[in-house]
Trainee: 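Right, I'll just put the structure down here and ask away after.
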Amino acid sequence: MEHRDGQSSQGAFERRRYMNLVVQRARHPELRAYIHSAVSGLLPFIQKGLVERVAVIFFNTDNTPVERFMFKLVVNQSYGSKVEAADLEFSLRSFLVKLSVSEPLTRALSHDCRWKITAYFRSVPEAGISKDAGLWIPTDTNQWQQPPLITPIKSMSSELLSVQLYLEHAISDEPKT
């Protein structure tokens, strides 16, 4: 399932400090609101263990995926929604560090590329679970003809949460130079 499309543009992001790390933040308030809406809209589904993976997918002009950043999630349901921000901060920092140094693994994207945030649910969410359930729609994303090349970026596992971050590319693509 996917959230509404985001448009890519030159200079859409700027370097900012977050948790004493340099990260990329959207410059435009509407883009920041879109990202925040997508992420916060997924939170109730993640807490209930309904989300298997979350992807940030970049597309060419033919709406074919160029690359996907995949976050595979497993939430220990015995914790319920008792997830404290402080409990996850160290792990989040390690993911942010890895994301900032993963750029050499990515493909060169065209100026007119598009991207979207897509969630892969274990089952279709019911409208009663969250007021944001209606924002998520079945996806019609084109798929690659062959299994993608998978590049692991970061994994972490705790009693509460396990996350794997990896990058997917079509096998015929070459890394950017």
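Computation of the quantities below employed the complete heavy-atom set of this structure, encompassing side-chain atoms and omitting hydrogens, waters and symmetry-equivalent molecules. The first residue of the sequence shown is numbered 1, and numbering continues consecutively from there.
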Trainee: Could you name each residue pair satisfying salt bridge (charged side-chain N to carboxylate O under 4.0 Å, His left out) that touches residues 160-169, not counting sequence neighbours?
Mentor: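 Passing the test, one end in residues 160-169: Arg68-Glu168.
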Trainee: Can you say whether the rings of Phe45 and Phe121 are parallel (under 30°), tilted (30 to 60°) or perpendicular (over 60°)?
Mentor: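 Geometry flag for Phe121 against Phe45: perpendicular rings.
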Trainee: Working to the nearest 0.5 Å, report the span between CG of Leu42 and CG of Leu50.
Mentor: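 Spacing of CG (Leu42) from CG (Leu50) equals 10.5 Å.
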Trainee: Search all heavy atoms of His169 against all heavy atoms of Leu105 and return the closest pair with its distance.
Mentor: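 Shortest heavy-atom contact: CE1-O, 3.1 Å.
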Trainee: Quick check: are there more than 12 heavy atoms from other residues, nucleotides or ligands sitting under 6.0 Å from CZ of Arg15?
Mentor: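 Open.
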Trainee: Does Asp62 reach the main-chain N or O of Thr64 with its side chain, forming a donor-acceptor pair under 3.5 Å?
Mentor: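 Absent.
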Trainee: Looking at every non-hydrogen atom in both residues, tell me the closest pair between Phe59 and Trp115 and how far apart they are.
Mentor: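 That would be CD1-CA, 4.2 Å.
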Trainee: Taking all non-hydrogen atoms of both residues into account, name the closest pair between Val54 and Val51 and its distance.
Mentor: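 Closest approach of Val54 to Val51: CG2-CG1, 3.7 Å.
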Trainee: Could you state whether Val22 and Tyr18 fall into the same hydrophobic cluster, counting links through intermediate Ile, Leu, Val, Met, Phe, Trp or Tyr residues with side-chain heavy atoms under 4.5 angstrom apart?
Mentor: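 Different clusters: Val22 never reaches Tyr18 through Ile, Leu, Val, Met, Phe, Trp or Tyr contacts under 4.5 Å.
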Trainee: Treating Ile, Leu, Val, Met, Phe, Trp and Tyr as nodes and any side-chain heavy-atom pair under 4.5 angstrom as an edge, say whether Ile35 and Leu43 lie in one connected cluster.
Mentor: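 No, it is not one cluster - the side chains of Ile35 and Leu43 are not joined through contacts under 4.5 Å.
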Trainee: Could you go step by step and tell me if Gln164 and Val74 meet the side chain to side chain contact (heavy atoms under 4.5 Å, CB included) rule?
Mentor: CA-CA 9 Å; Gln164 293 178 346; Val74 177; over 6 Å; no
Trainee: Among residues at least two apart in sequence or on other chains, which ones pass salt bridge (charged side-chain N to carboxylate O under 4.0 Å, His left out) with Arg25?
Mentor: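 Partners of Arg25 under the salt bridge (charged side-chain N to carboxylate O under 4.0 Å, His left out) test: none.
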Trainee: Between Tyr166 and Lys72, is there a cation-pi geometry (under 6.0 Å to ring centre, at most 45° from the normal)?
Mentor: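 The answer is no; the distance or angle limit is not met.
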Trainee: What's the spacing between Ser155 OG and Lys98 NZ if we round to 0.5 Å?
Mentor: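 So the gap between those two atoms works out to 10.0 Å.
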Trainee: Give a yes or no on whether a salt bridge exists between Arg27 and Glu14, defined as a side-chain N under 4.0 angstrom from a carboxylate O.
Mentor: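 Yes, this pair counts.
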Trainee: Compute whether any side-chain donor of one residue and acceptor of the other, for Ser110 and Asp112, lie under 3.5 angstrom apart.
Mentor: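 There is such a pair between these side chains.
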Trainee: Closest approach of Ala55 and Met70, non-hydrogen atoms and distance?
Mentor: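 Heavy atoms of Ala55 and Met70 come nearest at CB-SD, 3.3 Å.
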Trainee: Please verify the inter-ring angle class for Phe69 with Phe58; under 30° counts as parallel, over 60° as perpendicular, anything in between as tilted.
Mentor: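 Ring orientation of Phe69 relative to Phe58: perpendicular.
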Trainee: Hey, any chance Leu165 and Val39 share a hydrophobic cluster, counting ILVMFWY side chains that come within less than 4.5 Å of each other, even indirectly?
Mentor: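 Result: yes, single cluster for both.
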